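All remarks here apply to the structure that follows.
Source: prediction; values computed, not measured.
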Amino acid sequence: MNKLALFDLDHTLLPLDSDYEWGQFLVRTGAVDADAFKRANDEFFAQYQAGTLDPVEYLEFALGTLARFPRAQLDEMHRQFMREVIEPAITPQARALIQKHLDAGDLVAIVTATNAFVTAPIAAALGVEHLIAAVPEEDEHGNLTGKLVGVPTSGAGKVTHTHAWLEKIGKPLSAFESSHFYSDSHNDIPLLSVVTHPVATNPNVALATHATTLGWPSLYLFND
């Protein structure tokens, strides 16, 4: 495995935001109070748009919602979420792109800011063994405590976590002949900037502009 292929998840491999859709699923199924959840979520979204969002505060809001439920119930809820929301949204184009890198023998990983409870089953459904994601703290029974382990996997945090993962498996980034990272968001410019082959994938306006300026290729897997 002399080549590395990294993928963002939401709006890159999926034509949706799995974190947002999980919240909508909780509201739709009556698992959370719709009005209170929407108020909090709208406030975090406004902060995100204003560039003032504290990622730890947001993650612990999301994880705190999960901590209300026993793990067995959470896992059953997630299986329903996968059936109803995620699996129908996985496109042949996304599967084909991942498979191209797997067939080439590349080391493939998903690197996402969304927490690992939400995203681990999605990575498995996409056939990707390695996942770098925000880690929820668990108690001795496997229940989520509502706390985050370590630092968020967003922005520059994706670079930090990717380097830590590669160090753990004994393959620093510099050891790879080539490295790809596919992402839709300007928030991922830090990690896009350290790989040999950054690919703006279904890019938002800010990333599309940045990519054009630097001559990075753009790829469109679907129309959001």
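Residues Asn143 and Leu74 fail the side-chain proximity criterion, which asks for heavy atoms closer than 4.5 Å. The shortest distance between side-chain heavy atoms of Tyr58 and Asp19 falls below 4.5 Å. Between Leu6 and Thr162, the closest side-chain pair of non-hydrogen atoms falls below 4.5 Å. For the pair Phe222 and Gln93, the minimum side-chain heavy-atom distance is 4.5 Å or more. Put simply, the side chain of Ser18 does not reach to within 4.5 Å of the side chain of Phe25, judged on heavy atoms. Side-chain contact check for Thr112 versus Ile122: every heavy-atom pair is 4.5 Å or farther apart. A 4.5 Å side-chain heavy-atom check between Thr153 and Val111 finds every atom pair outside the cut-off. Contact check for Lys147 versus Leu63: no side-chain heavy atoms found under the 4.5 Å cut-off.
For Asn202 (side chain) and Thr12 (main-chain N/O), a donor-acceptor pair under 3.5 Å exists by modelled atom type. A side-chain donor-acceptor contact under 3.5 Å links Asp139 to the backbone of His141. At distances below 3.5 Å, at least one donor-acceptor pair connects side-chain atoms of Thr201 with backbone N or O atoms of Val199. A donor-acceptor pair under 3.5 Å is formed between the side chain of Asn115 and the backbone N or O of Val118.
The distance from the CD1 atom of Ile86 to the CD atom of Glu21 is 7.0 Å, given to the nearest 0.5 Å. Atoms CG and CH2, from Leu207 and Trp216 in turn, are 6.5 Å apart once rounded to the nearest 0.5 Å. Summarising the geometry, atom OG belonging to Ser179 is positioned 12.0 Å from atom CG belonging to Asn2; distances are rounded to the nearest 0.5 Å. In this structure, CG in Leu26 is found 9.5 Å from CZ in Arg28, a value given to the nearest 0.5 Å. Considering CD1 of Ile132 and CD1 of Ile110, their distance stands at 10.0 Å, rounded to 0.5 Å. To the nearest 0.5 angstrom, Leu219 atom CG is 11.5 Å from Asp184 atom CG.
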Gln80/Glu84 under side chain to side chain contact (heavy atoms under 4.5 Å, CB included): CA gap, chis, key distance, verdict
CA-CA 6 Å; Gln80 182 184 349; Glu84 295 180 3; 3.0 Å; yes
Please assess Val27 against Asn41 for the test side chain to side chain contact (heavy atoms under 4.5 Å, CB included), listing each intermediate value before the final yes or no.
CA-CA 11 Å; Val27 168; Asn41 218 26; over 6 Å; no
Would Glu138 and Phe117 count as a side chain to side chain contact (heavy atoms under 4.5 Å, CB included) if you check the C-alpha gap in whole Å, the side-chain angles of each, and the deciding distance to 0.1 Å?
CA-CA 11 Å; Glu138 299 181 5; Phe117 170 77; over 6 Å; no
Verdict with reasoning, His210 to Thr213, per side chain to side chain contact (heavy atoms under 4.5 Å, CB included):
CA-CA 5 Å; His210 189 83; Thr213 301; 5.7 Å; no
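Under the 4.5 Å side-chain heavy-atom criterion for ILVMFWY residues, no single connected hydrophobic cluster contains both Val205 and Leu192. Neither Tyr220 nor Leu13 shares a network with the other; the hydrophobic side chains, linked directly or stepwise wherever heavy atoms of I, L, V, M, F, W or Y lie under 4.5 Å apart, form separate groups for each. Both Phe181 and Leu214 are members of a single hydrophobic cluster when ILVMFWY side chains are connected at heavy-atom separations under 4.5 Å. Placement of Trp165 and Val135 in two distinct hydrophobic clusters is found when ILVMFWY residues are connected by side-chain heavy-atom separations under 4.5 Å, directly or transitively. Under the 4.5 Å side-chain heavy-atom criterion for ILVMFWY residues, no single connected hydrophobic cluster contains both Val149 and Phe61.
For Arg79 and Asp75, the salt-bridge test fails: no basic side-chain N is under 4.0 Å from an acidic carboxylate O.
In plain terms, the two heavy atoms of Ser185 and Asn204 that are nearest each other are CA-ND2, 3.6 Å. Contact record, Pro217 with Pro198: CD-O, 3.4 Å, taken as the closest heavy-atom pair. Smallest separation of non-hydrogen atoms from His161 and Val151: NE2-O, 2.8 Å. Here the closest non-hydrogen pair linking Met77 and Ala31 is CE-CB, 3.9 Å. What you find for Val128 and Ala109 is that their closest heavy atoms are CG1-CA, 3.9 Å. Among all heavy-atom pairs drawn from Lys171 and Phe176, the shortest one is O-CE1, 3.5 Å.
By the neighbour-count criterion of 12 heavy atoms within 6.0 Å, atom CD of Glu76 is densely surrounded, having more than that number from other residues, nucleotides or ligands. Counting heavy atoms of neighbouring residues, nucleotides and ligands inside a 6.0 Å radius, atom CD of Glu167 does not exceed 12 of them.
For His180 and His101, the ring centers are positioned less than 6.0 Å apart. Proximity of the aromatic rings of Tyr20 and Phe44 is defined here by a centroid distance below 6.0 angstrom, and this criterion is not met.
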